[in-house]
Amino acid sequence: MLTSFILGLACFIFMTIFNLDYAMLISVFIAVTNIIPFFGPIIGAIPSALFLFLIDPWQCLSFVIFIVIAQQIEGNIIE
């Protein structure tokens with residue numbers, strides 16, 4: 001639960017700094033789905049990326065790059 005909260009908070013901070021749309025909604029969704037083992041990050045990242053893609057493809061690209069890096073940090077360092 002703590003790692004999910006940390007990832008959601010990091011996602012919110014990143015999205016706020018880079019002025020991405022729907023930062024709170026997507027960050028909470030990422031944090032909640034990250035609780036599910038193994039498939040949770042995938043379940044959270046794909047719909048969020050598609051949602052951002054409908055708004056602006058460049059926002060989607062920056063979000064996907066961030067989420068891949070954040071998942072690697074979370075899986076290899078934080079846990």
Side-chain angles (χ1 to χ4, degrees):
M1 296 279 292
L2 183 61
T3 59
S4 297
F5 174 75
I6 292 170
L7 185 66
L9 185 63
C11 184
F12 178 74
I13 291 169
F14 170 81
M15 291 183 75
T16 303
I17 289 172
F18 287 99
N19 201 20
L20 300 180
D21 294 329
Y22 302 103
M24 181 64 78
L25 175 71
I26 292 174
S27 298
V28 170
F29 186 66
I30 292 291
V32 169
T33 57
N34 201 44
I35 296 171
I36 303 169
F38 191 67
F39 291 112
I42 297 168
I43 294 170
I46 291 174
S48 299
L50 290 175
F51 184 63
L52 282 173
F53 185 77
L54 292 173
I55 297 167
D56 183 11
W58 291 112
Q59 287 186 5
C60 175
L61 180 64
S62 63
F63 174 76
V64 168
I65 291 169
F66 164 75
I67 208 70
V68 166
I69 292 170
Q71 287 297 332
Q72 293 301 314
I73 291 171
E74 187 243 343
N76 294 322
I77 296 173
I78 296 175
E79 284 187 7

Spacing of L52 atom CG and I67 atom CD1 [to the nearest 0.5 Å]: 10.5 Å
same_hphob_cluster(I6, I35) at 4.5 Å side-chain heavy-atom cutoff: no
Y22: partners by side chain to side chain contact (heavy atoms under 4.5 Å, CB included), with sequence neighbours left out: L25, I26, F51, I55
All side chain to side chain contact (heavy atoms under 4.5 Å, CB included) counterparts of F38, not counting sequence neighbours: none
I65/I69 under side-chain contact (heavy atoms from CB on, under 4.5 Å): CA gap, chis, key distance, verdict: CA-CA 6 Å; I65 291 169; I69 292 170; 4.0 Å; yes
CD-CG distance between Q59 and L61, expressed to the nearest 0.5 angstrom: 11.0 Å
All side chain to side chain contact (heavy atoms under 4.5 Å, CB included) counterparts of A23, not counting sequence neighbours: F12, M15, T16
Pair D21-D56, side-chain contact (heavy atoms from CB on, under 4.5 Å): steps then yes or no: CA-CA 9 Å; D21 294 329; D56 183 11; 5.7 Å; no
Cluster overlap F5 with I13, hydrophobic side-chain contacts below 4.5 Å: yes
Minimum heavy-atom distance between N34 and L7, given as atom pair plus value: ND2-CD2, 3.5 Å
Co-membership, hydrophobic cluster, residues M1 and I78, 4.5 Å side-chain: no
ring-ring contact (aromatic ring centres under 6.0 Å, His included) contacts touching residues 58-79 (sequence neighbours left out): F14-F66
Partner residues of N19 under the side chain to side chain donor-acceptor pair (under 3.5 Å) criterion, sequence neighbours left out: none
pair L20-S62: side-chain heavy atoms closer than 4.5 Å: yes
Shortest non-hydrogen contact from S27 toward G8: CB-O, 3.5 Å
Minimum heavy-atom distance between C60 and A49, given as atom pair plus value: SG-O, 3.2 Å
Worked check of side-chain contact (heavy atoms from CB on, under 4.5 Å) between S48 and I30: CA-CA 8 Å; S48 299; I30 292 291; 4.0 Å; yes
Inter-residue atom distance I36.CD1 - S4.OG, 0.5 Å rounding: 9.5 Å
Residue list, side chain to side chain contact (heavy atoms under 4.5 Å, CB included) with V28, at least two apart or on another chain: M24, V32
